[in-house]
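Worksheet: the structure to be examined is printed underneath.
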Amino acid sequence: MMTAINNDLLDDLKWRGLIAQTTDEAALRESLKKPVTLYLGTDPTAPSIHVGNLVPLLVMRRFQLAGHNPILLVGGATGLVGDPSGRNDERSLNDTAIVEQWVNRIKLQLSKFMDFETTHNPATMANNLDWTAPLSTIAFLRDIGKHFSVNQMLNKDSVSSRLEKDGISYTEFSYQVLQSMDYLELFRRSNCTLQIGGSDQWGNITAGLDLIRRAEGGSAHALTVPLLTKADGTKFGKTAGGSVWLDPEMTSPYAFFQYWLNSDDADVIKFIKTFSFKTREEIEELEKTHNENPGAREAHRALARELTSLVHSPEIAQRVEVAARALFGQADLAELDEATLASAIAELPRTTVKAGEELPTWVDLLAATGVVDSKSAARRIVKESGAYLNNEKVPSEDFKLEKSHFLCGKYALLRKGKRDLAAVELIS
RNA sequence: GGCGGGUUGCCCGAGCGGCCAAUGGGAGGGGACUGUAAAUCCCCCGGCUCUGCCUUCGAAGGUUCAAAUCCUUCACCCGCCA
């Protein structure tokens with residue numbers, strides 16, 4: 001990993017559109033001339049992080065590559081309380097045991113994006129439960145609470161917007177205090193002087209800066225990344241099926257790759273700037289290619305490849321791409337060898353059929369894979385002629401599979417519409 | 001505490017005893033055109049053992065040959081008056 005301090009870091013981030021707000025930019029720029037310690041907090045609100053969380057996380061990685069010292073904080077405590085930022089209703093509390101389990105899974109995920117081994121500026125991991133849990137109520141109110149003005153707390157957007165609506169519980173109201181304590185704690189123990197986060201975190205981060213000033217007379221910085229938007233107005237990182245997760249159990253590497261490959265033309269360059277570690281020159285070159293011939297989808301492919309490699313692995317990215325080509329009919333299915341076929345199908349939702357038994361209909365099988373919610377839905381697909389078996393159209397609702405349909409004697413490929421694939425495996 | 005209005009399918013929202021699995025819009029799905037884009041156009045969109053049957057209109061009871069529609073109780077929301 002590169003260890004030299006890169007003074008162009010802020011400029012690069014700006015060019016990529018990765019800076020929403022910062023505290024005093026000149027002072028921040030000055031401080032970044034030497035290695036600083038910075039942190040990013042992630043709350044365990046699900047068993048996995050999703051592609052939206054990846055935006056600030058990769059900014060952290062850029063900071064580490066530029067020679068700074070990253071701390072990844074997992075919100076074992078804040079996750080129990082619930083951040084009101086960016087929400088217009090109260091969160092339901094998650095069970096402590098569940099949150100603990102999520103903390104562990106998320107720690108593991110986050111750690112893949114940082115270098116913990118380098119001797120120069122290794123990343124470290126923290127959990128705010130470590131210093132929050134032992135704190136007594138009296139100590140909390142006297143040592144921390146005294147530094148907070150309720151008036152200012154009420155002025156935070158996350159709180160005031162909720163007061164105008166259905167209100168906010170004392171629990172969520174206190175969230176900003178907990179996050180402020182984290183910053184103070186890391187400032188004290190590691191001289192952490194920069195916190196980054198999504199733009200919705202600005203209020204929470206600046207609350208921390210105030211606490212550091214009041215409690216320690218110290219000064220520190222804030223940097224937020226903008227909320228990533230899509231040209232069509234829909235939410236980034238969501239599909240019909242839900243969020244795009246990093247956990248391969250929750251979003252298969254195949255689906256992950258497809259998500260990026262199917263990016264809107266109008267978004268793809270922005271996504272590359274946001275996520276890719278290619279240089280500015282390389283990206284500008286891709287932009288040119290893309291504008292000249294968007295149909296070739298060079299930029300889409302580069303984006304999908306790079307991110308799948310980063311999040312899963314280069315081997316998986318390679319496999320998934322080969323699979324996609326074959327499954328989308330860019331290669332003859334019948335000519336695939338069993339190993340290639342098996343690895344392609346490994347990424348798909350699937351069902352099994354026992355060799356000796358009578359083979360079910362296409363409709364039954366598609367429903368069994370879970371690609372559609374009901375048999376009625378599967379029938380509809382056939383009726384609307386969007387049903388395929390091994391890339392050939394399924395003629396009728398009562399169409400039954402036959403032995404000969406199984407490629408290499410083992411696998412049959414179901415497709416619904418243009419891009420929704422599933423597989424059937426024949427087992428003995 | 002009193003009076004009135006509301007709670008409908010993934011979301012918004014019509015329906016106000018039979019013609020209701022329930023108008024319309026959005027989301028979603030299939031097709032055409034393309035590039036596994038976008039826009040546009042056409043079609044579909046509760047489930048099933050599918051010319052029929054089953055389960056849905058806040059919850060539970062009731063009236064009726066027949067209820068999303070009427071009655072009773074309960075829960076929640078929203079107004080107005082105390």
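Throughout, protein chains are lettered first and strands after them, A, B, ... in sequence-line order, and every chain is numbered starting at 1.
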> Looking at the side chain of Tyr388(A), which of rU36(B), rG31(B), rG29(B) is the nearest nucleotide?
Replying inline: rG31(B)
> How far does the P atom of rG24(B) sit from the matching atom of rC16(B), given to the nearest Å?
Replying inline: 16 Å
>> Using atom C1' in both nucleotides, what's the gap between rG26(B) and rA14(B) to the nearest angstrom?
In response: 15 Å
> Taking the same atom, C1', in rG9(B) and in rC45(B), what whole-Å distance lies between them?
Replying inline: 11 Å
>> Rounded to whole Å, how long is the line connecting atom NZ of Lys416(A) with atom P of rG28(B)?
In response: 12 Å
>> Can you measure Arg301(A) atom CZ to rG35(B) atom P for me and round it to whole angstrom units?
In response: 13 Å
> Are side-chain N/O atoms of Thr45(A) and Asp43(A) paired as donor and acceptor at under 3.5 Å?
Replying inline: no
> Using 4.0 Å as the upper bound for N to carboxylate O, is an ion pair formed by Lys400(A) and Asp364(A)?
Replying inline: no
> Between His300(A) and Ile381(A), which is nearer to the 5' end of RNA chain B once each is assigned its nearest nucleotide?
Replying inline: Ile381(A)
>> Measure CD/Glu292(A) against P/rG35(B) and give the value in whole Å, please.
In response: 18 Å
> Can you check the Phe328(A) CZ to rU34(B) P distance for me, whole Å?
Replying inline: 18 Å
>> Using atom P in both nucleotides, what's the gap between rU73(B) and rC19(B) to the nearest angstrom?
In response: 29 Å
>> What is the separation between atom CG on Leu348(A) and atom P on rU36(B), rounded to the nearest whole Å?
In response: 18 Å
>> Ignoring hydrogens and geometry beyond distance, is a side-chain donor-acceptor pair present between Ser169(A) and Glu172(A) at under 3.5 Å?
In response: no
>> Suppose you measure atom C1' in rG15(B) against the same atom in rA67(B); what distance do you get, rounded to whole Å?
In response: 13 Å
> Are the charged groups of Asp264(A) and Lys230(A) less than 4.0 angstrom apart, N to O?
Replying inline: no
> Dot-bracket, RNA chain B: Watson-Crick or G-U, under 3.5 angstrom, [ ] crossing, | other strand?
Replying inline: ((((((((.[[[..)..(.....]]].(((((.......))))).(((...)))...[[[[[..)....]]]]]))))))).
>> Between rU55(B) and rC20(B), how far apart are the two C1' atoms, rounded to whole Å?
In response: 14 Å
> Among side-chain atoms of His300(A) and Asp265(A), is any donor-acceptor pair under 3.5 angstrom?
Replying inline: yes
>> Could you check whether Glu284(A) pairs with Arg280(A) (Lys NZ or Arg NE/NH1/NH2 to Asp/Glu carboxylate O, under 4.0 Å)?
In response: yes
> Ignoring hydrogens and angles, are the base of rG35(B) and the side chain of Asp265(A) linked by a donor-acceptor pair under 3.5 Å?
Replying inline: yes
>> Counting only side-chain nitrogens and oxygens, does Arg419(A) get under 4.0 Å of the OP1 or OP2 atom of rA37(B)?
In response: yes
>> By nearest atom, which of the nucleotides rG35(B), rC48(B), rC33(B) is closest to the Lys418(A) side chain?
In response: rC33(B)
>> Quick test of your reading of the model: are Glu384(A) and Arg380(A) salt-bridged, counting only N-O distances below 4.0 Å?
In response: no
> Which listed nucleotide (rU36(B), rG29(B), rG47(B)) is nearest to the side chain of Leu261(A)?
Replying inline: rU36(B)
>> If you assign each of Asp364(A) and Ala296(A) to its closest nucleotide in RNA chain B, which residue comes earlier from the 5' end?
In response: Ala296(A)
>> Using 30° and 60° as the class boundaries, would you call the ring planes of Phe271(A) and Phe236(A) parallel, tilted or perpendicular?
In response: perpendicular
>> Taking only side-chain N and O atoms of Ser374(A), does any of them lie within less than 4.0 angstrom of OP1 or OP2 on rG47(B)?
In response: yes
> For Arg380(A) and rC44(B), what is the distance between atoms CZ and P respectively, to the nearest whole Å?
Replying inline: 11 Å
> Which part of the nucleic acid, if any, lies within contact of Ser376(A), taking any heavy atom under 4.0 Å across all strands shown: a base, the sugar-phosphate backbone alone, or nothing?
Replying inline: base
>> Do Arg419(A) and Phe328(A) form a cation-pi contact, if we require the NZ or CZ to be under 6.0 Å from the six-membered ring centre and within 45 degrees of the ring's axis?
In response: no
> Looking for any heavy atom pair under 4.0 Å, which part of the strands does Lys375(A) touch: base, sugar-phosphate only, or nothing?
Replying inline: sugar-phosphate
> Which value, in whole Å, describes the distance between the P atoms of nucleotides rA68(B) and rC78(B)?
Replying inline: 28 Å
>> What contact category does Gly295(A) fall into here, base, sugar-phosphate, or nothing, at under 4.0 angstrom with non-hydrogen atoms?
In response: base
> Rounded to whole angstrom units, what separation is found between the NZ atom of Lys383(A) and the P atom of rU51(B)?
Replying inline: 11 Å
> Taking atom P in both rU8(B) and rC12(B), what distance in whole Å separates the two?
Replying inline: 7 Å
> Across the strands shown, which category fits Asp264(A) at heavy-atom distances under 4.0 angstrom: base, sugar-phosphate, nothing?
Replying inline: sugar-phosphate
>> Without decimals, in angstroms, what is the distance between Asp373(A) CG and rG47(B) P?
In response: 8 Å
